[in-house]
Amino acid sequence: MPELPEVEVVRRGLAEHVLDRTITEVRVDHPRAVRRHAAGGEDFAARLKGRTITAVSRRGKYLWLEIGEDEAVIAHLGMSGQMLVADAERPVEKHLRIRFSFADAGPELRFVDQRTFGGLSIHPLVDGVPEPVAHIGRDPMDPLFDLDAAVAGMRRRRTELKRALLDQTIVSGIGNIYADEALWRARLHGLRPTEKLTRRQGVAVLEAASEVMVEALAQGGTSFDALYVNVNGASGYFDRSLNVYGQGDRACRRCGTPIVREPFMNRSSYSCPRCQPRPRPRASRVF
DNA sequence: CCGAAAACCTGAACGC
DNA sequence: TGCGTTCAGGTTTTCG
């Protein structure tokens, strides 16, 4: 599941393999992959023909290819999206949705997406970011990321800490996996109410999120060959270094207590019941 | 305006 | 063996 580190791996791969190349043809094989492009698949393809990719950028989990000064192709990977660089002769993937050919006759770019939560679309750039990205907060790897402002943003909310971490308008790039990992590192439970979060706790959990994503990027960035811009969503980080995510019943690496899995928003949260004690239930006012 | 929850998808894993 | 159910989860949309 691509979160910030995985998307950054893809961005780097694309910067290496498609930057400065001119598109000659785009084929859209599945309409759902361009559903966010309001004018439709034919318009999407027509508008890219002859354009040159001038930059490959990212904010949080959003990735985009700039085509000149004022337009960009957003690529959101959703749950299962991949951007693959492949020789045209290579057999097509089962879930191939969109393919780009280039004027230099080099390898093509393929957008492959099994679950079709992802997609591509063209938008004007506004203050340097595509329109649909305007409401997304800066991520912790952004040089202009403002830690104190992000902490203040979380504390202003009246919700639970993990929900705030997943809110892409406050801090972007954090998904379910890195949220759980950051909470474990900061020794905080995701159910803690944000209005009672201290500044110090807020700083601790965001710094932990930043650290874990930097470490994941360092591992994930090492594993793709020249013609395959990886990306299974699985940076090498997945199995080896996760402390809580997916580790139900395994011993906590700090204290040995079995990690517990709890339902959370139709999915799961993992935490150490000893290192990350649940908040006390709110004193009941009724009665 | 805000937060919670449903909806959108496919395939692997699991239970009977 | 095979069928039905559950789970995975980022973002947008809908609801209260």
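Numbered from 1 within each chain, the chains take letters A, B, ... in sequence-line order. For clarity, every value in this text was computed on a predicted model and none was experimentally measured.
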Would you say [Y] and [X] are linked by a side-chain donor-acceptor pair, where the criterion is simply a distance under 3.5 Å?
X       : Y       : answer
S268(A) : E262(A) : no
T194(A) : R157(A) : no
S172(A) : K61(A)  : no
T22(A)  : T52(A)  : yes

Which whole-number value in Å describes the distance from [X] [atom1] to [N] [atom2]?
X       : N       : atom1 : atom2 : value
L165(A) : dT11(C) : CG    : C1'   : 17 Å
M79(A)  : dA8(C)  : CE    : P     : 10 Å
R163(A) : dC2(B)  : CZ    : P     : 17 Å
Q82(A)  : dT10(B) : CD    : P     : 16 Å
L166(A) : dA8(C)  : CG    : P     : 14 Å
I170(A) : dT11(C) : CD1   : C1'   : 16 Å
N266(A) : dC9(B)  : CG    : C1'   : 14 Å
F264(A) : dG10(C) : CZ    : P     : 10 Å

Item to check | NZ/NE/NH1/NH2 to OD/OE distance under 4.0 Å, R58(A) and E8(A) | outcome: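 Salt bridge flag = yes for E8(A) with R58(A).
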Checklist entry - So, E93(A) and R110(A), do they make that salt bridge, N to O below 4.0 Å? => result yes
Checklist entry - More 5' along DNA chain B: M265(A) or K94(A), using each one's nearest nucleotide? => result M265(A)
Next on the checklist: On DNA chain C, compare the nucleotides closest to S268(A) and Y62(A); which residue's is nearer the 5' end?
Outcome noted: S268(A)
Item to check | Selection: residues 111-120 of chain A, any non-hydrogen atom under 4.0 Å of DNA chain C | outcome: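 Going residue by residue through residues 111-120 of chain A, the ones with a heavy atom under 4.0 Å of DNA chain C turn out to be R115(A), F117(A).
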side-chain N/O [X] vs [N] OP1/OP2, d < 4.0 Å:
X       : N       : answer
R261(A) : dA8(C)  : yes
H76(A)  : dG10(C) : no
Q168(A) : dT11(C) : yes
R156(A) : dG3(B)  : no
R157(A) : dG3(B)  : yes
H95(A)  : dC9(B)  : no

Item to check | Residues forming a salt bridge (charged side-chain N to carboxylate O under 4.0 Å, His left out) with E207(A), sequence neighbours excluded | outcome: none
Checklist entry - Considering only dA8(C), dG10(C), dC8(B), which nucleotide approaches the side chain of R32(A) most closely? => result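 Of the candidates, dC8(B) comes closest.
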Checklist entry - Where the side chain of R267(A) is defined as all heavy atoms beyond and including C-beta, which of dA4(B), dA6(B), dT11(C) is the nearest nucleotide? => result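 Out of dA4(B), dA6(B), dT11(C), the nucleotide with an atom closest to R267(A)'s side chain is dT11(C).
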Checklist entry - What are the two closest non-hydrogen atoms of I174(A) and L165(A), and how far apart are they? => result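 Of all heavy-atom pairs spanning I174(A) and L165(A), the closest is CB-O, 3.6 Å.
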